[in-house]
Trainee: 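Have a look at this one before I ask anything.
Just so you know, residue 1 is the first one in the sequence shown, and it goes up from there. Just so it is clear, the structure is predicted and the values come from calculations on it, not from any experiment.
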Amino acid sequence: MRGVTYSMGVSLDGYVVGPDGGFDWAPPDEEVFRLATDEVREAGVHLLGRRLYETMLYWETTDQDPSLDFSTRDFAALWRALPKVVFSTTLSAVRGNARLASGGLAEEIGRLRAEPGDRDIAIGGATLAAAAAELDLIDEYRARIHPVLVGGGIPFFPRHRRRVDLELVESRTLGSRVVRLRYRVRR
């Protein structure tokens, strides 16, 4: 069965965006960018909330700039080709290889898990991931911890009303002092 992974850059104090809504404290260097590219390469589909979808629209046309390096063009091509499901109550249409969710989160994930294939169902955006976590739908958390304290904002880990036991799958310190942690949910 296809697993659901939640991966994002996060500050040491646990936030994916700071109190001002920005994430300029987490610019990826080449190694972090390669890691994110590899995660997109491993995914079979990506679930996004409206805000992340709108942020990621940048990648739909960015490769048309001839001054971009190979890794940026590679990520853009992978992202454009990746099927995406957007959860939004305000959008009436989406662009690129994306569709609006036709059902609830549990229903969509259930349908995607039942499809053939073994590539991950990636989920992005803290609000959507929190809803999936509340429904116990996330199988693996992947955090790229940046060496910064932002003091507030949107948390990476949702505030559960229940305990979730995790098993460390990977811990790696990157050259930029970013630490990658992968935790599998124990079931």
Trainee: About how many Å separate CZ of Arg180 and CD of Glu39, when rounded to the nearest 0.5 Å?
Mentor: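 The CZ atom of Arg180 is 4.5 Å from CD of Glu39, to the nearest 0.5 Å.
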
Trainee: Between Val164 and Leu105, is there a shared hydrophobic cluster once you connect ILVMFWY residues whose side-chain heavy atoms come closer than 4.5 Å?
Mentor: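 In one cluster with Val164: Leu105, yes.
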
Trainee: State, to 0.1 Å, how close Leu137 and Arg113 come at their nearest heavy-atom pair, and which atoms those are.
Mentor: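 Heavy atoms of Leu137 and Arg113 come nearest at O-NH2, 2.9 Å.
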
Trainee: Under 3.5 Å, is there a donor on one side chain and an acceptor on the other for Ser71 and Asp74?
Mentor: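 No, because no side-chain N or O of Ser71 sits under 3.5 Å from a partner of the opposite role on Asp74.
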
Trainee: Is a salt bridge present between Glu107 and Arg111, judged by a nitrogen-to-oxygen distance below 4.0 Å?
Mentor: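 Yes.
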
Trainee: Going from CG on Leu47 to OG1 on Thr5, what distance comes out if it is rounded to the nearest 0.5 angstrom?
Mentor: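 So the CG of Leu47 and the OG1 of Thr5 are separated by 9.0 Å.
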
Trainee: Is it true that Val169 and Val179 fall in one hydrophobic cluster, defined by side-chain heavy atoms closer than 4.5 Å?
Mentor: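 They do not share one cluster, since no chain of ILVMFWY contacts under 4.5 Å joins Val169 to Val179.
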
Trainee: Would the Phe156 and Tyr6 ring centres measure less than 6.0 Å apart?
Mentor: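 Phe156 vs Tyr6: aromatic centres under 6.0 Å.
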
Trainee: Could you check whether any side-chain N or O of Arg51 sits under 3.5 Å from a backbone N or O of Gly125, counting only pairs where one atom can act as donor and the other as acceptor?
Mentor: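 No.
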
Trainee: Are Leu35 and Trp59 co-members of a hydrophobic cluster defined by side-chain heavy atoms under 4.5 Å apart?
Mentor: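 No, Trp59 does not connect to Leu35 through the hydrophobic network.
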
Trainee: Might you point out which heavy atoms bring Leu128 and Phe87 nearest each other, and give the distance in Å?
Mentor: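 Scanning both residues completely, I find the closest heavy atoms to be CD2-CD1, 3.8 Å.
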
Trainee: If every non-hydrogen atom of Gly44 is compared with every non-hydrogen atom of Pro83, which pair is closest and at what distance?
Mentor: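 Closest approach of Gly44 to Pro83: O-CD, 3.4 Å.
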
Trainee: Quick one: does any side-chain atom of Arg119 pair with a main-chain N or O of Ala43 as donor and acceptor, under 3.5 Å?
Mentor: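 Yes, the answer is positive, given that a donor and an acceptor are paired below the 3.5 Å cut-off.
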
Trainee: Can you tell me how far apart CG (Leu57) and CZ (Arg95) are? Round to the nearest 0.5 Å.
Mentor: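 It is 4.5 Å, given to the nearest 0.5 Å.
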
Trainee: Is the shortest side-chain heavy-atom distance between Met8 and Ile154 below 4.5 Å?
Mentor: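 Answer no - side chains too far apart.
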
Trainee: Quick one, Val85 with Arg99, criterion side chain to side chain contact (heavy atoms under 4.5 Å, CB included). Give me CA distance, side-chain angles, the key distance, then yes/no.
Mentor: CA-CA 5 Å; Val85 179; Arg99 68 173 175 83; 3.7 Å; yes

Trainee: Take a 6.0 Å sphere around CZ of Arg177 and say whether it holds more than 12 heavy atoms from other residues, nucleotides or ligands.
Mentor: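 Atom CZ in Arg177 is not packed in, count stays at 12 or less.
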
Trainee: Is the count of non-hydrogen atoms from other residues, nucleotides or ligands lying under 6.0 Å from Phe75 atom CZ greater than 12?
Mentor: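 It does: Phe75 CZ has more than 12 such atoms within range.
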
Trainee: Do Val86 and Met56 share a hydrophobic cluster, counting only Ile, Leu, Val, Met, Phe, Trp and Tyr and linking them when any side-chain heavy atoms are less than 4.5 Å apart?
Mentor: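 Hydrophobic grouping puts Val86 with Met56.
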
Trainee: Between Asp139 and Arg187, does any NZ, NE, NH1 or NH2 come within less than 4.0 Å of an OD or OE carboxylate oxygen?
Mentor: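 So Arg187 pairs with Asp139 through a salt bridge.
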
Trainee: Judged by atom type as modelled, is there a donor-acceptor pair below 3.5 Å linking the side chain of Glu108 to the main-chain atoms of Ser102?
Mentor: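 Side chain of Glu108 to backbone of Ser102, a donor-acceptor pair under 3.5 Å: yes, one is there.
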
Trainee: Mind listing the closest non-hydrogen atom pair of Thr62 and Ala76 along with its distance?
Mentor: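 Of all heavy-atom pairs spanning Thr62 and Ala76, the closest is CG2-CB, 3.7 Å.
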
Trainee: Under 3.5 Å, is there a donor-acceptor pair linking the side chains of Thr89 and Arg50?
Mentor: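 Looking only at side-chain atoms, Arg50 and Thr89 do not form any donor-acceptor pair under 3.5 Å.
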
Trainee: Just by distance, with hydrogens left out, do Tyr15 and Ser11 show a side-chain donor and acceptor under 3.5 Å apart?
Mentor: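 No, no side-chain donor-acceptor pair sits under 3.5 Å.
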
Trainee: Show your working on side chain to side chain contact (heavy atoms under 4.5 Å, CB included) between Glu140 and Ser7 and close with a plain yes or no.
Mentor: CA-CA 8 Å; Glu140 186 172 298; Ser7 177; over 6 Å; no

Trainee: For the CG atom of Leu78 and the CD atom of Glu42, what is their distance to the nearest 0.5 Å?
Mentor: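 One gets 11.0 Å once the value is rounded to the nearest 0.5 Å.
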
Trainee: Starting from Val10, can I reach Val150 by hopping between I/L/V/M/F/W/Y residues whose side chains sit under 4.5 Å apart?
Mentor: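 Hydrophobic grouping puts Val150 with Val10.
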
Trainee: If every non-hydrogen atom of Gly18 is compared with every non-hydrogen atom of Trp25, which pair is closest and at what distance?
Mentor: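 Smallest interatomic distance, heavy atoms only, reads N-NE1, 3.8 Å.
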
Trainee: Examine distances only and state if a side-chain atom of Asp20 and a backbone atom of Gly22 form a donor-acceptor pair shorter than 3.5 Å.
Mentor: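 Yes, because the side chain of Asp20 sits within donor-acceptor range (under 3.5 Å) of the backbone of Gly22.
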
Trainee: Grab the two heavy atoms, one from Ile138 and one from Ala132, that are nearest each other, plus how far apart they are.
Mentor: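 Result for this residue pair: CG1-CB, 3.9 Å.
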
Trainee: Decide yes or no on side chain to side chain contact (heavy atoms under 4.5 Å, CB included) for Tyr183 and Asp165, but give the supporting numbers first.
Mentor: CA-CA 9 Å; Tyr183 285 96; Asp165 292 320; over 6 Å; no

Trainee: How far does CG of Asn97 sit from NZ of Lys84, to the nearest 0.5 angstrom?
Mentor: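 Result: 5.0 Å between the selected atoms.
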
Trainee: Report the distance from atom CD1 of Ile109 to atom CZ of Arg2, rounding to the nearest 0.5 Å.
Mentor: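 So the gap between those two atoms works out to 11.0 Å.
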
Trainee: Could Glu31 and Arg34 be called an ion pair, given the rule that one side-chain N must be under 4.0 Å from one carboxylate O?
Mentor: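 No salt bridge links Glu31 with Arg34.
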
